[in-house]
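Single-structure report; data block below.
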Amino acid sequence: MTGEVMKEQAGYCKSRWADQCSHSIQTAEDVLNRKFLFDLPWDMEQTTEPVIFTDQIDWQYMPGGDPEFIYQFNRHRYWICMGQAYALTGNEAYAACFKEQLLSWISENPITESTKKTTWRTIEAGIRGENWCKAIEYFESSPHMGDEEKQAFIKGLLLHGEYLFNCRVPFSDKSNWGVLENHGLFCIGAFLSKKEWAIEESSRKKGALYIEEALKRLKRELAIQVMDDGVHWEQSPMYHNEVLRCILEVLRVAELYEIPVAEDIEKAARAMAMADLLWSKPDHTQPANGDSDRTDLRDVLTPAAWLLKDPLLRFGGYDCLDFESAWEMGMEAVIGYEQMTKETPQNELVSLEASGQAVLRSGWDQKADYLHFMCGSLGGGHGHFGKLHLDLSYEGEDVLIDTGRYTYVDGTLRRTLKSAKAHNVPMADDREYTECTGSWNVRNAAAYAGMRVVQKGQYTLFEGAHLGYMDAGVYVCRKVLSIGTKIQIIADSFYGFGEHVCSQHFHLNPAGQTTLTKEDQASGLGFSYQGIKTGAKAFVLMPGAEISMEQGPVSFHYNQLTECPWICIRKKMALPGTLITVIFNDNTADASLVPVTVPVTGEVLKDQDAQALRIRMGDHSYLAVFNHRETGADMEYIGADGHYGLGRVMICEENQPEPEMTVLSW
């Protein structure tokens with residue numbers, strides 16, 4: 001990277017991304033003073049307390065018993081910040097610091113059986129492959145990086161390349177580790193074979209070999225790991241995006257050095273980026289499901305849009321090229337990105353069937369309503385026990401949330417945040433349906449039993465089930481009937497025999513105020529949420545149910561912990577039985593149960609068989625009917641208050657001139 005090029009990029013970043021410039025300079029100053037804090041948006045394991053070395057740096061240092069610090073520390077992402085600060089200020093102290101730390105790390109970290117578990121884990125080696133090649137670009141013209149230092153760098157890079165090239169284990173084929181390892185191998189290969197000052201003939205040949213092998217492995221790994229809907233199989237948006245960001249880096253480097261890449265790799269990147277766009281929340285963040293943080297997806301969608309030349313992805317990105325991409329792709333990309341057309345997505349309902357996810361939204365603006373439903377596989381060790389989980393936002397503000405991850409250190413908190421109870425799900429007998437046996441391991445993982453999504457006019461039905469309680473003879477099925485996007489009817493049916501404690505769990509945004517209402521109050525059993533910009537009101541339509549609220553943990557970023565309201569609605573009842581909660585984005589709305597009748601016989605059905613509810617909001621009145629049995633025989637034609645139909649889930653708007661039942665499930 002020449003001085004003139006860096007000057008142009010620095011000027012752009014100062015004018016468009018002043019805060020990020022300041023952050024890189026502050027990080028560089030900290031590193032200069034041997035102070036390390038990991039607070040970049042995509043640091044996989046962020047920290048909140050800085051670690052300061054008063055003497056020499058200990059590359060094996062592990063504070064608080066969390067080895068994740070060692071891993072994050074030895075990825076050397078902060079060297080890129082130091083390079084950006086050097087480009088922004090011209091301060092040679094940053095180049096001198098980079099040289100000192102690079103040589104220190106190389107001399108103090110040989111590959112041994114011990115260091116393979118700390119500084120030389122293969123995932124860190126792969127990440128360093130990218131970060132080292134990026135960092136050196138900023139410093140290559142500095143007087144502190146003479147021939148001797150550059151040869152030490154090349155020697156270190158070759159050591160990484162050989163280590164990664166010889167790493168072939170089946171685990172890499174199926175894990176995000178494989179992609180992170182081999183994208184690093186590709187970056188190393190491209191640097192060694194293309195960088196003029198780095199070249200010796202032996203290095204060039206090694207580089208070409210690394211490129212060929214890395215691309216072969218990446219093609220295989222992506223074919224194994226990316227589901228048909230573009231979602232990474234580990235069911236964690238955070239690690240989905242770590243994989244995607246690696247593939248985007250491969251595409252960037254390949255374009256830079258004119259290296260041909262298999263179409264399958266680009267196709268996988270496009271599918272993964274599209275999944276990001278489709279599940280992105282109104283505030284542009286990823287859902288915090290599985291081991292994920294609340295991170296802005298525009299950091300990923302912006303470079304994806306430019307590299308893939310996709311107008312839909314351009315819609316999901318920033319208005320101008322992001323800070324990191326400006327450094328990495330240059331002024332041509334800055335200008336080209338701003339000239340790109342962007343296309344607003346047309347689908348406000350999307351179903352990602354392979355991963356078991358669906359999203360309904362009122363629009364694609366930042367004040368939209370948003371409902372995210374999950375009923376798919378567990379995924380790997382990063383997956384949480386969130387089958388049938390809901391994320392809900394009204395007017396762009398979170399209402400129902402996922403409680404996040406916080407830590408990878410095994411213990412009560414790690415297991416609690418992975419548990420079903422920490423998600424917005426139904427449960428039976430106050431029991432976890434999957435046992436957490438360690439930070440990454442489980443016993444008795446429960447299979448999901450299908451998911452379906454149906455939309456007719458203003459009505460959308462999400463339906464899913466899982467087999468987690470079959471050992472107790474209980475089958476759990478959730479139906480979420482949305483009227484527009486402002487009303488959600490959440491009906492959780494428990495099928496089986498005998499008495500069981502059935503419950504629903506909800507976790508509310510701590511930014512607002514959550515209040516419970518009891519059955520003896522005028523508003524009836526339920527809860528209300530008053531947020532910063534919007535509100536929500538919930539009615540529990542199950543006579544005799546109990547509701548309780550406690551403050552429980554929630555983590556929006558790794559190593560950051562706060563509390564939010566954890567609500568539990570529960571009732572001991574004979575099965576089959578159903579708990580129904582209705583959530584409105586309107587404090588004046590109400591809901592009530594209505595007897596279900598069979599017009600042919602005049603019979604009034606029991607709640608175990610069928611339930612109907614009337615919902616009023618503003619000038620609208622709706623009648624929804626849930627048939628909990630099979631449609632047929634004496635259950636074939638049912639309804640309430642003169643509105644009847646054939647179906648298991650039906651709804652009509654009563655105040656229409658000629659109301660008719662819309663059947664969403666036959």
Side-chain angles (χ1 to χ4, degrees), residues 42 44 122-123 126-127 130 168-187 213-254 260-280 286-292 295 297 299-305 307-310 312-313 316 345 347 350-359 372 374-384 386 448 451:
W42 290 97
M44 278 188 276
T122 52
I123 184 176
I127 294 170
E130 174 186 341
R168 284 304 303 127
V169 293
F171 177 77
S172 294
D173 286 338
K174 63 97 177 178
S175 170
N176 68 77
W177 277 44
V179 176
L180 271 69
E181 291 162 359
N182 290 301
H183 104 285
L185 181 62
F186 177 83
C187 292
E213 183 62 20
L215 291 176
K216 186 189 302 181
R217 293 178 187 179
L218 288 167
K219 181 180 177 182
R220 179 173 61 250
E221 288 158 0
L222 292 171
I224 292 169
Q225 297 177 31
V226 179
M227 292 185 273
D228 290 346
D229 55 16
V231 175
H232 191 270
W233 81 276
E234 293 187 59
Q235 296 284 34
S236 159
M238 185 83 180
Y239 288 87
H240 169 101
N241 281 300
E242 286 304 322
V243 169
L244 174 56
R245 290 171 70 237
C246 288
I247 300 307
L248 293 176
E249 177 64 7
V250 168
L251 295 178
R252 182 190 76 84
V253 172
V261 173
E263 184 181 345
D264 289 353
I265 292 178
E266 182 177 314
K267 183 179 178 182
R270 190 181 302 276
M272 295 183 78
M274 192 57 65
D276 265 340
L277 176 65
L278 296 177
W279 70 26
S280 62
Q286 64 187 3
N289 308 134
D291 283 340
S292 299
T295 313
L297 286 171
D299 297 335
V300 182
L301 291 173
T302 300
L307 289 167
L308 298 168
K309 304 299 184 284
D310 191 306
L312 281 172
L313 299 179
N347 295 333
V350 294
S351 180
L352 302 170
E353 294 182 7
S355 58
Q357 302 184 61
V359 176
H372 179 215
M374 298 174 61
C375 185
S377 58
L378 170 65
H382 289 295
H384 289 194
Y448 67 97
M451 182 196 80

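In this chain, numbering begins with 1 at the start of the sequence shown. Side chains included, hydrogens not; waters and symmetry mates left out as well; all remaining heavy atoms used.
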Which atom pair, heavy atoms only, marks the closest approach of Cys187 to Val253? SG-CG2, 4.3 Å
Check whether any side-chain heavy atom of Met272 lies under 4.5 Å from a side-chain heavy atom of Leu248, and answer yes or no. no
Closer than 3.5 angstrom, by distance alone: can the side chain of Ser172 be matched with the main-chain N or O of Gly178 as a donor-acceptor pair? no
Do Val261 and Leu218 have side chains that get closer than 4.5 Å, going by heavy atoms? no
Can you tell if the side chain of Trp279 reaches within under 4.5 Å of the side chain of Met274, non-hydrogen atoms only? no
Quick one: are Ile127 and Glu181 in side-chain contact, heavy atoms under 4.5 Å? no
Asn182 side chain to Ala214 main-chain N or O, any donor-acceptor pair under 3.5 Å? no
Would you call Leu222 and Asp264 a side-chain contact if the rule is heavy atoms closer than 4.5 Å? no
Starting at CZ of Phe171, measure out to OG1 of Thr122 and round the result to the nearest 0.5 Å. 8.0 Å
Residues which pass ring pair (Phe, Tyr, Trp, His ring centres under 6.0 Å) with Trp233, listed by chain and number, not counting sequence neighbours: none
Residues which pass ring pair (Phe, Tyr, Trp, His ring centres under 6.0 Å) with His232, listed by chain and number, not counting sequence neighbours: none
Would Gln225 and Asn176 count as having a side-chain donor-acceptor pair, cut-off 3.5 Å? no
Where do His382 and Ser236 come nearest, in terms of heavy atoms and distance? CB-CB, 3.9 Å
Say you draw a straight line from CG of Leu307 to CD1 of Ile247; how long is it, rounded to the nearest 0.5 Å? 12.0 Å
Hey, does Glu213 have a side-chain heavy atom less than 4.5 Å from the side chain of Phe186? no
Correct closest heavy-atom pair for Ser280 and Leu297 would be CB-CD1, 3.7 Å
Main chain of Ser377, side chain of Gln235: is a donor-acceptor contact present, judged purely on distance under 3.5 Å? yes
Would you say Asp276 and Gln286 are linked by a side-chain donor-acceptor pair, where the criterion is simply a distance under 3.5 Å? no
Hey, are Glu130 and His183 close enough side-chain-wise for a donor-acceptor pair under 3.5 Å? yes
Is any NZ, NE, NH1 or NH2 atom of the basic residue among Asp173 and Arg168 found under 4.0 Å from an Asp or Glu carboxylate oxygen of the other? yes
Testing the basics here: between Gln357 and Val231, what is the closest heavy-atom pair and its distance to 0.1 Å? NE2-CG1, 3.9 Å
For Cys375, all residues meeting side chain to side chain contact (heavy atoms under 4.5 Å, CB included), sequence neighbours excluded: Phe373, Leu388, Tyr448, Met451
